[in-house]
Amino acid sequence: MQKNQLIKYCNLIVIATAIYGLTIFYNLFTIGYDIGKQMAINDKAGVPVSNDIFLWGMISQAIITFGIFAVCLLFFFFVSNVQKGLIFVSENAKLLMVYGCIVSGLGILSFISNKFSGVTNSLFASGLLILTGLCFVFISLIFKIGIKMQEEQDLTI
């Protein structure tokens, strides 16, 4: 019964991540308009306008969008392994490691984006992404230890 609950919970996370990814993808199109509009207002007010703000904003949003889709895809593979009954396997440990690295990378990119673009994301959210990614890396290392322990136990029996 717990396995079915785990699968339902994982599927819910995959769907929520996909919906969030689609909203970010939509924001990728609207952010160009918003930044361009702000640049036009600044230009009329006599404030110096730089294309760097637009470029940094668009590049960071595009990378974040693709990162979210990659995270959704990785989690889908993880859930499909769990549905097959493959929980403590090296493939899942690798998936969690990559997942954690991508999430940490998105947090670092979000932090850097705050410094160079007109798009301001919360520094708290950037830090939270980095810590969440590191937690997934830690969990993947625990998975690897669990896999080794399971292999040793299988050998002793």
Side-chain angles (χ1 to χ4, degrees), residues 1-32 34-35 52-157:
M1 188 64 179
Q2 290 179 345
K3 185 177 173 184
N4 289 336
Q5 289 175 337
L6 175 67
I7 291 170
K8 287 179 184 178
Y9 182 69
C10 289
N11 286 334
L12 179 68
I13 291 174
V14 167
I15 291 168
T17 307
I19 291 170
Y20 180 69
L22 290 174
T23 60
I24 293 293
F25 189 68
Y26 172 75
N27 288 342
L28 185 62
F29 293 109
T30 60
I31 194 171
D34 292 340
I35 292 174
D52 292 343
I53 292 173
F54 178 77
L55 290 174
W56 272 104
M58 291 301 291
I59 289 170
S60 66
Q61 280 298 113
I63 292 171
I64 288 170
T65 300
F66 290 120
I68 290 171
F69 281 128
V71 162
C72 184
L73 192 61
L74 288 171
F75 204 75
F76 175 76
F77 290 140
F78 183 79
V79 169
S80 63
N81 282 345
V82 170
Q83 286 175 336
K84 295 174 190 172
L86 305 171
I87 298 173
F88 287 102
V89 293
S90 62
E91 183 181 349
N92 283 349
K94 289 176 188 175
L95 287 171
L96 288 173
M97 177 67 79
V98 173
Y99 188 93
C101 290
I102 289 174
V103 171
S104 292
L106 290 176
I108 292 168
L109 177 69
S110 177
F111 181 78
I112 293 171
S113 164
N114 284 327
K115 299 295 180 191
F116 294 108
S117 74
V119 180
T120 55
N121 299 322
S122 169
L123 291 177
F124 175 76
S126 300
L128 191 60
L129 275 174
I130 293 168
L131 289 176
T132 303
L134 293 175
C135 285
F136 273 101
V137 169
F138 179 72
I139 290 170
S140 78
L141 295 174
I142 291 174
F143 258 66
K144 287 181 181 180
I145 292 170
I147 292 165
K148 283 185 180 180
M149 289 173 64
Q150 186 178 21
E151 288 172 355
E152 289 175 4
Q153 185 179 14
D154 289 344
L155 290 175
T156 57
I157 295 176

Subject >> Test log, rule side chain to side chain contact (heavy atoms under 4.5 Å, CB included), inputs Leu22 and Phe69 >> reply: CA-CA 9 Å; Leu22 290 174; Phe69 281 128; 4.1 Å; yes
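- Counting heavy atoms of neighbouring residues, nucleotides and ligands inside a 6.0 Å radius, atom CZ of Phe66 does not exceed 12 of them.
- Scored by the side chain to side chain contact (heavy atoms under 4.5 Å, CB included) test, Thr132 finds Val103, Leu128, Phe136 as partners (sequence neighbours excluded).
- You'll find the side chain of Leu12 stays beyond 4.5 Å of the side chain of Lys8, heavy atoms only.
- Distance check, rounded to the nearest 0.5 Å: CD1 of Ile68 to CD1 of Ile63 gives 12.5 Å.
- Not one N or O on the side chain of Ser110 forms a donor-acceptor pair closer than 3.5 Å with the backbone of Gly107.
- Every side chain to side chain contact (heavy atoms under 4.5 Å, CB included) that Phe143 has, sequence neighbours left out, goes to Phe78, Phe88, Asn92, Ala93, Leu96, Ile139.
- Side-chain contact between Glu91 and Asn81: present, with at least one pair of heavy atoms (C-beta onward) separated by less than 4.5 Å.
- Ile64 and Leu109 make their closest contact through CG1-CD2, 3.8 Å (heavy atoms, listed as atom of the first residue, atom of the second, distance).
- Leu131 contributes atom CG, which lies 11.0 Å from atom OG of Ser126 (distance to the nearest 0.5 angstrom).
- Remark: Ser80 OG to Phe75 CZ distance equals 11.0 Å, nearest 0.5 Å.
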